[in-house]
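Worksheet: one structure, shown below.
One-based numbering along the sequence shown. As the structure is a prediction and not an experimental result, all values here were calculated from the model.
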Amino acid sequence: MEKGKVKHSFIIVAALAAGLSGCAGVDMRYNPTEAAVPLPRERMMLISKIGYKDATGGLKTERASVSLKRPFFDVFQEAAKKRLDDLKVSLAKRGGTVVEIELTKSEVKGDIGGGPDVTATVTYAVVVRGGLDAVCRQEASAWATSRKGLSPTPAADALQKALVKAVDKLGNTIAESCLYSPVATEAKPATPARDPKALAIVIGVERYREESASANFAESDAQSVALVAKSALGVGDDRLIMLLGAKATLADFQKYFERWLPAHAGADGKVFVYFAGNGAPEGKNGAGYLLPYDADVNYLAETAFPLERLYAALGQLPGGATLVLDSCFSGQPGRSVLPDGVRPSRSESPAKVPPGVTVISAASAAESCGLDKDAGLFTRWFVQGLKDREGNIKAAFDSAASQVKKDSRSAQNPRWSQGQ
């Protein structure tokens, strides 16, 4: 009887030991090394939902062994949530855009030559969505190493360090994305009610893939306009598309101007379009082009978006549209570039404005678009005018044009053109 009990007890202990060995592993936790500075609410887009996505297919290991108690994605998600709480990022009670934090890489590698170091890398992206489409995407990455012999779990230690370094960057990643405006807005007691008929597309391209001339401050100008489109024009986050930098390609122009707008604009809709970036004249007829991020000034017809084509797209909308251009089409210095062998155009009307469309230009033909410290001169005053005049676009233009003409550094004359 006693022997049977001893035998039975041994079997139970062995089973427990086997079970415990199957659950063994390092329990990773996020303990920030850098203090979280809360992001000012007045500079943030409204957020309706924050989701998390694992795009890695699981933790990858190469020439390294790591055992974790929990899936790494669960640890990352928990860490990101904690950091967002520390940054005071909250969800809006009504309205707002959808944000997704997407883990794109989690891997651990041993030294290729069999050396003592183990390296871990963690990469993620903050994705801002407009409907089902990504409005902008900002990535962050961190890596760390650990040496064999100095730790019983060098791979897990390296991964722990990389996790902390990556998630510590979450505040900066948000601040560099289109969720956050670098320009502080004035505190207003109330935001006007959302206008369900209002739509907006806001574009800013500052640096170009083909390294053509830069359009300084174009992206921060676009962010300022996006904020005032919501606060003064009543555009909801779900009806505002913002394209910045590498997210403003020719394909994006075609998709949003020629597919998204017609699908969402109603008969009495209020469509507002803003572009800050380089313009370019075409050599044969002086027609103007908007330059997306992937444009090549020597192949405008193939890589740029004709102003005339944009006018046509806006002219087909049942309720018309207002287009604001802080770019020039004359090849003059400023927000314009000139293809090789092309002379500046002095045509006052590079494209005919169709009925129902109003075009606001920061400068007339053959003029450059001036800058004011950290913004486009016209955009700075136009944004201020929209705030001061509660979204009245004509009054905001008149105010901005007056201020621009008063500026001794500027020789530009903003234009208001209305299709007949």
Side-chain angles (χ1 to χ4, degrees), residues 39-47 92 94-97 135 175 178-204 216-244 269-277 321-327 335 358-363 369-407 409-410 412 414-416:
L39 298 174
R41 287 189 178 185
E42 65 270 16
R43 299 192 190 182
M44 291 281 293
M45 277 190 182
L46 294 177
I47 301 173
R94 297 181 60 185
T97 190
V135 176
C178 61
L179 271 176
Y180 185 86
S181 169
V183 180
T185 57
E186 294 181 4
K188 296 288 183 180
T191 298
R194 178 177 179 266
D195 184 346
K197 300 174 183 177
L199 287 172
I201 296 179
V202 178
I203 303 173
N216 292 333
F217 313 123
E219 292 178 22
S220 58
D221 278 356
Q223 290 175 316
S224 297
V225 170
L227 286 172
V228 82
K230 293 188 296 181
S231 65
L233 302 180
V235 181
D237 290 272
D238 59 331
R239 291 172 67 81
L240 186 150
I241 300 297
M242 183 155 62
L243 306 174
L244 299 177
K270 300 174 183 178
V271 175
F272 178 85
V273 177
Y274 172 87
F275 174 81
T322 298
L323 170 64
V324 181
L325 299 170
D326 199 338
S327 59
R335 290 180 176 177
T358 297
V359 177
I360 296 173
S361 304
C369 295
L371 302 176
D372 180 28
K373 296 181 180 179
D374 58 355
L377 179 61
F378 174 78
T379 293
R380 179 182 292 284
W381 289 113
F382 183 65
V383 167
Q384 189 62 50
L386 285 174
K387 293 177 183 177
D388 295 342
R389 287 152 179 80
E390 300 180 346
N392 186 315
I393 293 176
K394 183 61 168 70
F397 167 80
D398 290 340
S399 173
S402 174
Q403 292 293 341
V404 168
K405 291 175 182 177
K406 289 178 183 178
D407 195 308
R409 300 165 297 175
S410 171
Q412 70 190 86
R415 288 175 59 88
W416 174 284

- [ ] Report the C-alpha distance between Met242 and Met45 in whole Å, list the side-chain angles of each, state the deciding distance to 0.1 Å, and finish with yes or no for side-chain contact (heavy atoms from CB on, under 4.5 Å).
- [x] CA-CA 11 Å; Met242 183 155 62; Met45 277 190 182; 3.3 Å; yes
To the closest 0.5 Å, what do you measure between [atom1] ([X]) and [atom2] ([Y])?
{"X": "Asp237", "Y": "Arg239", "atom1": "CG", "atom2": "CZ", "result": "12.5 Å"}
{"X": "Leu386", "Y": "Ser224", "atom1": "CG", "atom2": "OG", "result": "11.5 Å"}
{"X": "Phe275", "Y": "Leu243", "atom1": "CZ", "atom2": "CG", "result": "10.5 Å"}
{"X": "Ile203", "Y": "Asp326", "atom1": "CD1", "atom2": "CG", "result": "13.5 Å"}
{"X": "Phe397", "Y": "Arg415", "atom1": "CZ", "atom2": "CZ", "result": "9.0 Å"}
{"X": "Ile393", "Y": "Ile360", "atom1": "CD1", "atom2": "CD1", "result": "6.0 Å"}

TODO: Carefully, step by step, assess Lys270 and Leu233 under the rule side-chain contact (heavy atoms from CB on, under 4.5 Å).
DONE: CA-CA 9 Å; Lys270 300 174 183 178; Leu233 302 180; over 6 Å; no
Which atoms form the tightest heavy-atom contact between [X] and [Y], and what is the distance?
{"X": "Pro414", "Y": "Lys405", "result": "CD-CE, 4.4 Å"}
{"X": "Leu240", "Y": "Lys230", "result": "CD1-CG, 3.9 Å"}
{"X": "Gly277", "Y": "Ser327", "result": "O-CB, 2.9 Å"}

Open item on the list: Taking Ala396's backbone N and O only, do any of them form a donor-acceptor pair with Arg389's side chain (distance below 3.5 Å, no angle check)?
Closed with: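 Not a single qualifying donor-acceptor pair exists.
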- [ ] Report yes or no: does Asp221 contribute a side-chain atom to a donor-acceptor pair with the main-chain N or O of Gly376 at less than 3.5 Å?
- [x]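 Yes: the side chain of Asp221 pairs with the backbone of Gly376.
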Open item on the list: Check the orientation of Phe272 and Phe382. Use parallel for under 30°, tilted for 30 to 60°, and perpendicular for over 60°.
Closed with: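 Correct class here is parallel.
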Task: Side-chain touch Lys387/Leu227, heavy atoms, less than 4.5 angstrom - done: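 In short, these two side chains do not touch, never coming nearer than 4.5 Å.
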Open item on the list: Taking the side chain as everything from C-beta on, heavy atoms only, tell me whether Phe378 gets closer than 4.5 Å to Val324.
Closed with: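 They are in contact (side-chain heavy atoms under 4.5 Å apart), so the answer is yes.
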Open item on the list: Checking Asp398 now: which residues fulfil side-chain contact (heavy atoms from CB on, under 4.5 Å) with it, not counting sequence neighbours?
Closed with: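 With sequence neighbours excluded, Asp398 shows a side-chain contact (heavy atoms from CB on, under 4.5 Å) to Lys394, given in chain and number order.
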